[in-house]
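Working notes, beginning with the structure itself.
Reckoned from all heavy atoms, side chains included, excluding hydrogens, waters and symmetry mates.
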Amino acid sequence: MRQRRVNWGAISSAIIVAADAATIARALLRPHREPASRLAWIIAVLALPILGVVLYLLVGETRISGPRRTRGKEVNSKLPRPPGNFDCCNEERSAHWAPFALARTVNHLDATSGNSARLAADSNAAVEEMVADIDAAHHCVHGCFYIWLADHNGLKLKDAFIRAAKRGVSVRLLADALGSRRLIRSTHWRDLQKAGCDLHVALPVGNPLWTVIRGRVDLRNHRKLLVLDGRIAWCGSQNCADPEFRIKPHYAPWVDIMSRWEGPVALHCQYLFVSDWIAEGGEDISNMLDADLPPGSGDIVAQVLGTGPTAEFDAMPACFSELIHSAREELVITTPYFVPDEQLLFALTSAARRRVRTVLMLPKRNDNWIVAGASRSYFKDLIDAGAEVYEYHCGLLHAKTMVVDRCVGLIGSANLDRRSFELNFENNILFEDTEFAAAVRARQDEYLADCDRVSREQVAGYGIAARLWQNLLAILSPML
């Protein structure tokens, strides 16, 4: 009797087809996924049957590890929210207050009034002022950083934290496992521990294979936040590093913006740190949020906006878009990474078409070549709509700012790209105040003086190869 041969080719083909079908079904059924992203993944799986499935398993979903996701949800549901003292929904200026009402639904934090804020002159000045605030702290110093380097500014902050811990101040520090990996592995991290600083690693990576299985390795805590005694907060785009950013010197200097806040909003910034701290295994310090709101000494209305992959909806692009839609006269934006989703691109082109002066500033040389290519694919649509697009040529413009009608704005860590929208934990402050808005606008004008405007002729002159490449990256961007 003749023995039948196993047709391994047919079996492997059937397995591949089943895997492709399961992956496509998951891409179609996954919640909180825009149609462009679903279509991009379907095309990728059909075009690359094996590689497409592998890529989807690696980067197809915003997966955070099970224990971290569970802790995060428990923390967010149980943490007390510091009170607010301003009801933006009752204001007559409804167009400009709509973004505040939407932002409230993200963290369930009310807007606050009576705040004061100022900008540091530059990155080095910001570190000097942060060090002075750390040296003046009486009770607690809380810091959360994405990138922390052992360079001049990074070690200045490290030494200030050590001085604070030695004089009895509670110092709690979070550093992202990937962005700050060099310092975490160095003797500087151990020096902080020996001095009495309480340290935790945000989103630890560990074994790369196990990390990929339980979640995405590129899902990071991108926040830049420093809170002192619950009454002073620093928020902006700057990492714990020199502007020369020696790990990527070719693009230096990094041009950042940092804002120093005093008043009730500082306690709301404390909420973001506490939520991260407990979620990453730190002790329960939620009692700090039961404190009275710090006294206000200014006139700024401010709203804390902390987003991340555990948010209930796509909060960051929704809030950006709402703010853009509120513009009536002028909209000025700076961001290093620009890969908008459909609602954000529509908001920008709509603003320009209704004759709002719409200005977008990006770095001319970008450290992320994928983002750089994808960004330029949107230039034609923006310019055709009437927007002004500029490229900064004196370094890498890393400041993340938005000012509307010289009275309302946003400043913080989030970029206008899909990574900030879906993958990273970010922190921003939404504000209303003509004086502080004027200060941010003045800084934006300084950036503008070092920019080259992108013309319609320049975009039309992109070669076929360049346009194919840019548009391909834009098509693939929903997959990231």
Side-chain angles (χ1 to χ4, degrees), residues 86 88 91-100 103 111-123 125-126 129 224 232-238 255-266 268-269 296-305 319-320 322-336 348 351-352 355-362 387-390 392 394 397-414 416 427-451 453:
F86 185 83
C88 57
E91 290 295 314
E92 295 179 358
R93 295 164 288 178
S94 58
H96 286 148
W97 294 114
F100 290 83
T112 63
S113 62
N115 300 288
S116 60
R118 59 179 171 79
L119 299 177
D122 55 36
S123 296
E129 293 179 38
K224 292 95 172 163
I232 297 172
W234 282 86
C235 173
S237 65
Q238 185 176 345
V255 180
D256 282 295
I257 191 167
M258 287 297 286
S259 57
R260 182 186 186 273
W261 296 80
E262 288 190 72
V265 75
H268 287 220
C269 289
S297 59
D299 301 314
I300 304 177
V301 175
Q303 174 104 46
V304 166
L305 181 58
C319 290
F320 274 127
E322 191 71 34
L323 186 56
I324 293 167
H325 284 306
S326 75
R328 294 296 178 266
E329 298 175 5
E330 183 188 69
L331 167 67
V332 182
I333 300 171
T334 66
T335 182
L348 288 169
R355 298 188 179 180
V356 173
R357 187 198 177 202
T358 303
V359 178
L360 176 66
M361 284 179 268
L362 309 170
E388 302 172 27
V389 180
Y390 294 87
Y392 184 83
C394 290
L397 182 60
H398 195 246
K400 305 102 171 19
T401 64
M402 183 183 297
V403 179
V404 170
D405 296 340
R406 298 180 180 264
C407 64
V408 178
L410 196 70
I411 188 169
S413 69
L416 268 69
N427 68 291
N428 284 60
I429 293 179
L430 180 64
F431 64 87
E432 191 278 340
D433 181 71
T434 54
E435 186 175 341
F436 186 59
V440 179
R441 277 293 291 110
R443 187 65 57 85
Q444 290 176 325
D445 282 339
E446 292 178 14
Y447 303 149
L448 196 60
D450 292 321
C451 286
R453 184 167 179 174

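Inter-residue side-chain proximity for Pro336 and Leu362 is flagged as unmet; no heavy-atom pair is nearer than 4.5 Å. Counting heavy atoms from C-beta on, the side chains of Cys319 and Leu430 never come closer than 4.5 Å. In this structure the side chain of Pro264 reaches within 4.5 angstrom of the side chain of Asn115, judged on heavy atoms. Put simply, the side chain of Thr434 does not reach to within 4.5 Å of the side chain of Arg406, judged on heavy atoms. The shortest distance between side-chain heavy atoms of Asp299 and Asp433 falls below 4.5 Å. Proximity of Gln303 to Phe86: side-chain heavy atoms (C-beta onward) are nowhere separated by under 4.5 Å. Using a 4.5 Å heavy-atom threshold, the side chains of Asn427 and Cys235 count as touching. You'll find the side chain of Thr334 stays beyond 4.5 Å of the side chain of Tyr392, heavy atoms only.
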**Message:** I'd like to know whether Leu410 forms a side-chain contact (heavy atoms from CB on, under 4.5 Å) with Val404, so could you lay out the CA-CA distance, the side-chain angles of the two residues, the decisive distance to 0.1 Å, and finally the verdict.
**Reply:** CA-CA 9 Å; Leu410 196 70; Val404 170; over 6 Å; no
**Asked** What do the steps show when you test Leu448 against Val332 for side-chain contact (heavy atoms from CB on, under 4.5 Å), and what is the final call?
**Response** CA-CA 10 Å; Leu448 196 60; Val332 182; over 6 Å; no
**Request:** Decide yes or no on side-chain contact (heavy atoms from CB on, under 4.5 Å) for Val356 and Ile324, but give the supporting numbers first.
**Result:** CA-CA 10 Å; Val356 173; Ile324 293 167; over 6 Å; no
**Request:** Would you please test Met258 and Glu129 for side-chain contact (heavy atoms from CB on, under 4.5 Å) and show each step?
**Result:** CA-CA 10 Å; Met258 287 297 286; Glu129 293 179 38; over 6 Å; no
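Here OG of Ser326 is found 11.0 Å from CH2 of Trp97. Values are rounded to the nearest 0.5 Å. Here the CZ atom belonging to Arg260 is positioned 5.0 Å from the CZ atom belonging to Arg118, to the nearest 0.5 angstrom. To the nearest 0.5 angstrom, Ser413 atom OG is 9.5 Å from His398 atom NE2. Distance CZ/Arg443 to CG/Asp122: 7.5 Å, rounded to 0.5 Å. We find the CD1-CD distance between Ile257 and Glu446 to be 9.0 Å, quoted to the nearest 0.5 Å. The CG atom of Asp450 sits 10.5 Å away from the CE atom of Met361 when rounded to the nearest 0.5 Å.
At distances below 3.5 Å, not a single donor-acceptor pair connects side-chain atoms of Arg357 with backbone N or O atoms of Arg355. Looking at Thr112, its side chain does come within 3.5 Å of a backbone N or O of Ala302 through a donor-acceptor pair.
The minimum heavy-atom distance linking Ser237 with Lys400 is given by the pair CB-CD, 3.2 Å. The shortest heavy-atom contact between Gln238 and Ser123 is NE2-O, 3.1 Å. Across every non-hydrogen atom of Asp405 and His96, the tightest pair is OD2-NE2, 2.8 Å. Between Phe436 and Ser259, the closest heavy-atom pair is CZ-CB, 4.1 Å. Between Ile300 and Ala117, the shortest heavy-atom contact is CD1-N, 3.5 Å. Here the shortest heavy-atom pairing between Ala126 and Trp234 reads O-CH2, 4.2 Å.
Ring planes of Trp261 and Phe431: tilted class, angle from 30 to 60°.
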